[in-house]
Asks: 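Supplied in structure tokens, the structure appears directly below.
Remember, it's 1-based here, ligands and their atoms both numbered in the order they're listed. Scope of the values below: all heavy atoms of this structure, side chains included, with no hydrogens, waters or symmetry mates.
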Amino acid sequence: MAEVDLAKWRVPLSDVSVSEEMISAAESVLRSGWWSMGPRVAEFESAFADYVGARHALAVANGTAALHLALLAVGCGPGDEVVVPSLNFVAAANTIVRTGATPVFCDIRGKLDLNLDPSDLEAALGPATKAVVVLHYGGFACELESVLDLAEQRGIAVIEDAAHAPGSRWRGRACGTIGAIGCFSFFANKNLAVGEGGMLVTDSDGLAEKLRLLRSHGMTTLTWDRHRGHASEYDVLLHGFNYRLDEVRAAMGLVSLGGLDEANAGRRRVAERYRNSLHGERGLEMAFAERLGEPSSSHHLAVALLPESVSRNSVRATLADRGVQTSVHYPPIHGFTAYRGLGPRPLPQTDDVAPRLLSLPLFGHMTDDQVQLVIESIVEALSIGR
Ligand SMILES: *Cc1c(COP(=O)(O)O)cnc(C)c1O
């Protein structure tokens, strides 16, 4: 069997932690013989709902499916506009398009706060705006007060893309539970990882029911209900999908959830070291510098802003030579080929910041030596690069 070569990087960008508990949780589901959505998923949903403090949690196949269903559940469709920051992963924009609605990109606040700018959100709203998808970039809660006010005044739904933010809080409330619907991702490089998976959370009984139907073909019962003899017939109430999560991943998710706070605390310590050693070093700045090390953030990403005088590619090449993997979160969506046709709005802060972004390795179990290697390699790369 071919093994994937993960040893190439001395410090990978992210890393999963594989515990014996995780392996035996997955194994026991395999041995049980029931693999599709059933009791483990229900257990994961209820543990997640408790963790974030939401009335309902619905597990789905991935975070993109969560966004798609959230948009449909609040009624997005042809003729509608949905505002979303361009400095973002492409999933929200793609799913907006797939509902038939049109994404309208808004700007970020600036180089140290990469979340959406509420005043530019206001400028982006129009008579066709149906929803706004806010991102909690890197796990740093978006300032939602004026977003919620605007949404209420104009009758617009707030959907939270909380893919980065399991464990993050805004004014004491869990990210994902503040808008109408919160969407989480459990992709392998996220804080709570199962490989592929996601979760929807909402306090609305009506939205939860709609999401539940949309998740599984619009059908009124699950295979699991019929297996247990709780149902033998079903009706189809709307045109849904198969966006279900399976039992193996739910069992992995339960174990991941149990270790989430500790893993986030590990990320926080690394982020704090990056801030202390790198913020202000040779013209480099750390995004969200003031909030690096705060427990209200899940610290999904540690993002540096390179000085304008250095080439990002050469810094990345130097780091790669030292065995340090980096990435860019994100190339702005409005620059992608598939999105160039949209009526452009000026996004000066996004355009200014995007070429300078560099994501550094960050995961809960990074060793002190790994953190030190990243810091020294960056300082070295910055002195070579000028
Ligand atoms: C990962 C991610 C998604 C998509 O989640 P998947 O589980 O990979 O489908 C959506 N939005 C953001 C901001 C993400 O980081």
Asks: Hey, which of Thr177, Asp203, Asp205, Thr202 is the one that makes side-chain hydrogen bond (donor to acceptor under 3.5 Å, both in side chains) with Arg55?
Replies: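 Only one option passes, and that is Asp205.
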Asks: Can you sort out which atoms of ligand 1 are near Asn62, meaning under 4.0 Å from one of its heavy atoms?
Replies: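 Result: 7 (O), 9 (O).
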Asks: Any N or O of Gly63 that comes nearer than 3.5 Å to an N or O of ligand 1?
Replies: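 Yes: some nitrogen or oxygen of Gly63 is under 3.5 Å from one in ligand 1.
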Asks: Is the backbone of Arg244 close enough, under 3.5 Å, to the side chain of Asn242 for a donor and an acceptor to pair up by distance?
Replies: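 The answer is yes, because a donor-acceptor pair under 3.5 Å joins these two groups.
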Asks: Test your reading of the structure: does Glu196 have an N or O sitting under 3.5 Å from an N or O of ligand 1?
Replies: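 N/O-N/O distance below 3.5 Å does not exist for this pair.
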Asks: Tell me, do Val82 and Ile159 make a side-chain contact under 4.5 Å, heavy atoms counted?
Replies: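 A side-chain contact under 4.5 Å is absent here.
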Asks: Check contact between Tyr330 and ligand 1, using heavy atoms of the residue and a distance below 4.0 angstrom.
Replies: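 It does, in that a heavy atom of Tyr330 comes within the 4.0 Å cut-off of ligand 1.
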Asks: Does a side-chain heavy-atom distance below 4.5 Å link Glu160 with Val147?
Replies: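 With C-beta onward as the side chain, the pair stays apart.
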Asks: Among protein heavy atoms, which lies nearest atom 11 (N) of ligand 1, and at what distance?
Replies: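 Result for atom 11 (N) of ligand 1: Asp161 OD2, 2.8 Å.
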Asks: Which atoms of ligand 1 are found less than 4.0 Å from any heavy atom of Ser185?
Replies: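 Counting atoms of ligand 1 from 1, those under 4.0 Å from Ser185 are 1 (C), 5 (O), 6 (P), 7 (O), 8 (O).
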Asks: Considering only protein heavy atoms, which is closest to atom 4 (C) of ligand 1, and at what distance to one decimal place?
Replies: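 Its nearest protein heavy-atom neighbour is Thr64 OG1, 3.6 Å.
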Asks: For Val379, is there any backbone N or O sitting under 3.5 Å from a side-chain donor or acceptor partner on Ser383?
Replies: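 Yes: the side chain of Ser383 pairs with the backbone of Val379.
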Asks: Lys190: heavy atom below 4.0 Å from ligand 1, yes or no?
Replies: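 Lys190 counts as a contact of ligand 1 under the 4.0 Å cut-off.
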Asks: Enumerate the atoms of ligand 1 whose separation from the nearest heavy atom of Leu135 is less than 4.0 angstrom.
Replies: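 In order of numbering, the contacting atoms are 13 (C).
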Asks: Taking the six-membered ring for Trp and the full ring for Phe, Tyr or His, determine whether the centres of His227 and Trp34 are under 6.0 Å apart.
Replies: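 Centroid separation for His227 and Trp34: below 6.0 Å.
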Asks: Do side-chain atoms of His164 reach the backbone of Gly138 as a donor and acceptor pair under 3.5 angstrom?
Replies: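 Indeed, once roles are kept as given, a pair shorter than 3.5 Å links the two residues.
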